[in-house]
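The next block holds one structure in the form of C-alpha cells; read it before the comments.
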Amino acid sequence: MSLLQAEPPYADYIRDRIRTVPDWPQAGVQFRDITPLLQDKKTFRVLVDIFVHRYMDMDLDMVAGVDARGFILGAVVAYELNLGFVPVRKKGKLPFLTVAEEYELEYGSATVEIHTDACKKGDRVLLIDDLVATGGTMVAAAKLLNRLGATIVEAAAIVDLPELGGSKIVREQGIPLFTVCDYAGH
Ligand SMILES: O=P(O)(O)OC[C@H]1O[C@H](OP(=O)(O)OP(=O)(O)O)[C@H](O)[C@@H]1O
Ligand SMILES: Nc1ncnc2[nH]cnc12
C-alpha cells in the first residue's frame, strides 16, 4: 500500500472519535486527545488493525515508539506484528548508553534519546507516534534511528496537523510518513 493517508471511512471514523480540548496545555493550542480511541474496545481494535494491515507484509525487523503516547500504539502494533519494540524516550529516562537529539515542539523544546543497542545496522524499522504537529519529534526520533544505522521503512502516526507543517517537513527529510487522519480544514 502506498497511500499517504488512510482512505475514508477509516480516516473519518478515527477523526470523529478524537477529542479536541481547546487551550490545553496553553492558550491557543487545540489539543487533539487520542485517549477516547484507546478507551473504547472497538475503536482501539480498528485503530490497531489499520496499522497491522498496513505493515504486516513489509518485512520489518522492529517497531520504535516515541515517548509517551507513541508507546501505547507502538507496543501493541509491534506485538501484533510479532516484532520487538524499542522506546525513543525523553531525556534522562534510559539507563544504558544513549544517543540524543534536541528538537522544538509546538509548545517548547525537548530532547529524545535511544539506547545505542536498540537496533542493529540495517534493521528495517517502523517508527510510530500518535501525532505529527511541527514534526520536530518525528524528525528527531528518525535521526536517532539513522544514527544507529537503521532504515526507517516508514514513520506512522494517527493524526497529522498539516497546518503546523510537520508532515511536510518529515517527508522533505526523505522519511516516508503515513497518518490515519488529518485536521486540514477541521
Ligand atoms: O510534531 P511535534 O511538534 O514534535 O509534536 C508531536 C509530539 O508532541 C506530543 O508529545 P509530547 O511531547 O506532548 O509528549 P507526550 O506524548 O508525553 O504527551 C505528541 O505525542 C508527539 O510526540
Ligand atoms: N495540538 C496537539 N494535540 C495533541 N498533541 C500534540 N502535540 C503537539 N501538538 C499537539
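Keep in mind that the numbers below use all heavy atoms, side chains included, and drop hydrogens, waters and symmetry copies. Ligands are counted one by one from 1 in listed order, and the atoms in each one are counted from 1 as well.
When the side chains of ILVMFWY residues are joined at heavy-atom separations under 4.5 Å, either directly or via intervening members, Met56 and Phe44 end up in a single hydrophobic cluster.
Ligand 1 has a nitrogen or oxygen under 3.5 angstrom from a nitrogen or oxygen of Ala133. Below 3.5 Å of separation, one finds an N or O of Ala68 facing an N or O of ligand 1. Distances between N or O atoms of Glu104 and those of ligand 1 include no value under 3.5 Å. Polar contact with ligand 1: absent for Val66 (N/O pair, distance under 3.5 Å).
Taken to the nearest 0.5 Å, the CZ atom of Arg19 stands 7.0 Å off from the CD atom of Gln39. Distance check, rounded to the nearest 0.5 Å: SG of Cys119 to CG of Leu148 gives 4.5 Å.
Taking 4.5 Å as the limit, some side-chain heavy atom of Val99 sits within range of a side-chain heavy atom of Ile114. Glu102 places a side-chain heavy atom less than 4.5 Å from the side chain of Thr111. For the pair Leu73 and Ile158, the minimum side-chain heavy-atom distance is below 4.5 Å. When side chains are defined from C-beta on, Phe51 counts as touching Val180, because their heavy atoms get closer than 4.5 Å. Between Val159 and Tyr183 there is a side-chain heavy-atom pair separated by less than 4.5 Å.
Among Thr35, Asp33, Asp130, the one residue that satisfies the side-chain hydrogen bond (donor to acceptor under 3.5 Å, both in side chains) test with Arg69 is Asp130.
Within the set Arg32, Arg69, Gln30, the minimum heavy-atom distance to atom 5 (N) of ligand 2 is found for Arg69.
Contacts with ligand 1 closer than 4.0 Å are made by side-chain heavy atoms of Lys90 only, the backbone lying farther away. Within the 4.0 Å heavy-atom criterion, the part of Leu161 lying near ligand 2 is the side chain and not the backbone. The proximity of Asp67 to ligand 1, defined as any non-hydrogen pair under 4.0 Å, is limited to the backbone. For Asp129, every heavy-atom contact with ligand 1 shorter than 4.0 Å involves the side chain, none the backbone. Contacts between Asp130 and ligand 1, counted as non-hydrogen atom pairs separated by less than 4.0 Å, involve the side chain only.
Those atoms of ligand 2 that come under 4.0 Å of a heavy atom in Ala133, given as number and element, are 8 (C), 9 (N). Near Thr137, meaning under 4.0 Å from any of its heavy atoms, are these atoms of ligand 1: 2 (P), 4 (O), 5 (O), 6 (C), 7 (C), 22 (O).
Residue contacts with ligand 1 do not include Gly166, since none of its heavy atoms lies under 4.0 Å from the ligand.
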